[in-house]
Amino acid sequence: MRILQAGDQQLLGLEPEREVLENLVSQAGFDCEIQESGRQVVLEVSPTSPNDPILLFDAIHPANLGWFSRCRFYVDGFSGAVLQTPLTVANCRDAEGQALHRLRIALSKELPASYRVPGHDQVSEQIVYTVLYNLLVALRETGVAVCGGSGVEPLAGPRSKDTGAKSSRKIS
């Protein structure tokens with residue numbers, strides 16, 4: 001980790017190691033491809049077995065209430081930001097725009113110097129590794145809720161748009 005100066009603003013420069021990221025993703029039960037740029041690392045993750053779920057679900061649907069109450073991570077459906085983390089999530093899509101059984105998880109390598117992860121005094125690569133691993137485990141075991149918006153499409157359980165289509169029908 002290093003301190004960067006951008007004008008009058010200080011930034012924390014994280015330097016995540018590719019091998020560590022690959023190992024964490026593998027331990028959590030996913031395969032991944034990693035792309036790195038100057039400001040972020042993008043992991044395209046998919047379950048090691050195609051039959052394994054990715055428990056990214058629609059928080060607003062009433063049938064998902066049990067999952068919602070167990071969640072440790074929430075995704076802003078508009079931006080894909082995983083709340084209170086330096087991570088964002090996006091769907092991988094096919095040529096027709098349909099969501100695939102894979103996700104892109106982007107890790108920001110530049111954070112404001114004042115940035116904090118809940119429960120920690122300061123951000124470091126080790127803390128980010130822990131948060132990433134816990135997110136991946138949640139995607140396999142307990143679920144991650146997508147809250148609002150249409151930018152991130154849930155991959156598990158019923159979706160609110162399914163309910164909306166049914167409830168808009170008039171019964172004669």
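One is the number of the first residue; the rest follow in order along the sequence. Basis for what follows: all heavy atoms, side chains included, without hydrogens, waters or symmetry-related copies.
V152 and L100 sit in two unconnected hydrophobic clusters of ILVMFWY residues. Membership requires side-chain heavy atoms under 4.5 Å apart, directly or through other members. A chain of hydrophobic side-chain contacts below 4.5 Å, direct or via other Ile, Leu, Val, Met, Phe, Trp or Tyr residues, connects V123 to V20.
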Task: side-chain contact (heavy atoms from CB on, under 4.5 Å) assessment of L43 paired with V25 - done: CA-CA 9 Å; L43 301 110; V25 171; 3.7 Å; yes

- [ ] Might you work through the side-chain contact (heavy atoms from CB on, under 4.5 Å) test for R72 and N134, ending with a clear yes or no?
- [x] CA-CA 9 Å; R72 292 180 49 203; N134 289 336; 3.7 Å; yes

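Taking each heavy atom of P118 and Q84 in turn, the nearest pair found is CG-OE1, 3.3 Å. In plain terms, the two heavy atoms of Q40 and A106 that are nearest each other are OE1-CB, 3.5 Å. Here the closest heavy-atom approach between residue R93 and residue A99 is recorded as NH1-N, 3.5 Å. Of all heavy-atom pairs between E125 and P16, the closest is CG-N, 4.1 Å. Nearest heavy atom pair, residue T88 against residue A81, reads CG2-CA, 3.8 Å.
Listed for the H101 side chain is no donor-acceptor partner under 3.5 Å among the backbone atoms of N51. Checked by atom type and distance alone, the side chain of D94 pairs as donor or acceptor with a backbone atom of E96 at under 3.5 Å. Although no hydrogens or angles enter the test, the distance criterion places no donor-acceptor pair under 3.5 Å between the side chain of D76 and the main chain of G80. Under the 3.5 Å distance criterion, the side-chain polar atoms of N91 are matched with a main-chain donor or acceptor of E153. Q5 places a side-chain N or O within donor-acceptor distance of the main-chain N or O of G7, the cut-off being under 3.5 Å. Although no hydrogens or angles enter the test, the distance criterion places no donor-acceptor pair under 3.5 Å between the side chain of Y115 and the main chain of Q122. Side-chain atoms of R140 come within 3.5 Å of backbone N or O of G29 as a donor-acceptor pair.
Within the 4.5 Å cutoff, the side chain of V45 has no heavy atoms near those of the R102 side chain. Counting heavy atoms from C-beta on, the side chains of I105 and V42 never come closer than 4.5 Å. At a threshold of 4.5 Å between non-hydrogen side-chain atoms, the residues V128 and P86 count as touching. Put simply, the side chain of F30 reaches to within 4.5 Å of the side chain of L139, judged on heavy atoms. Put simply, the side chain of P47 reaches to within 4.5 Å of the side chain of I54, judged on heavy atoms. L21 is listed as a side-chain neighbour of Y129, based on a closest heavy-atom distance under 4.5 Å. By the 4.5 Å heavy-atom criterion applied to side chains, V146 and L56 are counted as neighbours. Within the 4.5 Å cutoff, no side-chain heavy atoms of V82 are placed close to those of Y74.
Between the side chains of N23 and E19, not a single donor N or O lies within less than 3.5 Å of an accepting N or O.
Using a cutoff of 4.0 Å between basic side-chain nitrogens and carboxylate oxygens, K109 and E15 are not scored as salt-bridged.
Note: E44 CD to Q35 CD = 7.0 Å, rounded to the nearest 0.5 Å. Distance OG1/T85 to CG/L111: 9.5 Å, rounded to 0.5 Å. Here R2 contributes atom CZ and L11 contributes atom CG; the two are 10.0 Å apart, rounded to the nearest 0.5 Å. Here CG of L107 is found 7.0 Å from CG of L132. Values are rounded to the nearest 0.5 Å. Between the SG atom in C71 and the CZ atom in F57 there is a gap of 3.5 Å [rounded to 0.5 Å]. In this structure, CG on L103 lies 9.0 Å from CG on L136, to the nearest 0.5 angstrom.
The environment of CZ in R116 is crowded: more than 12 heavy-atom neighbours from other residues, nucleotides or ligands sit within 6.0 Å.
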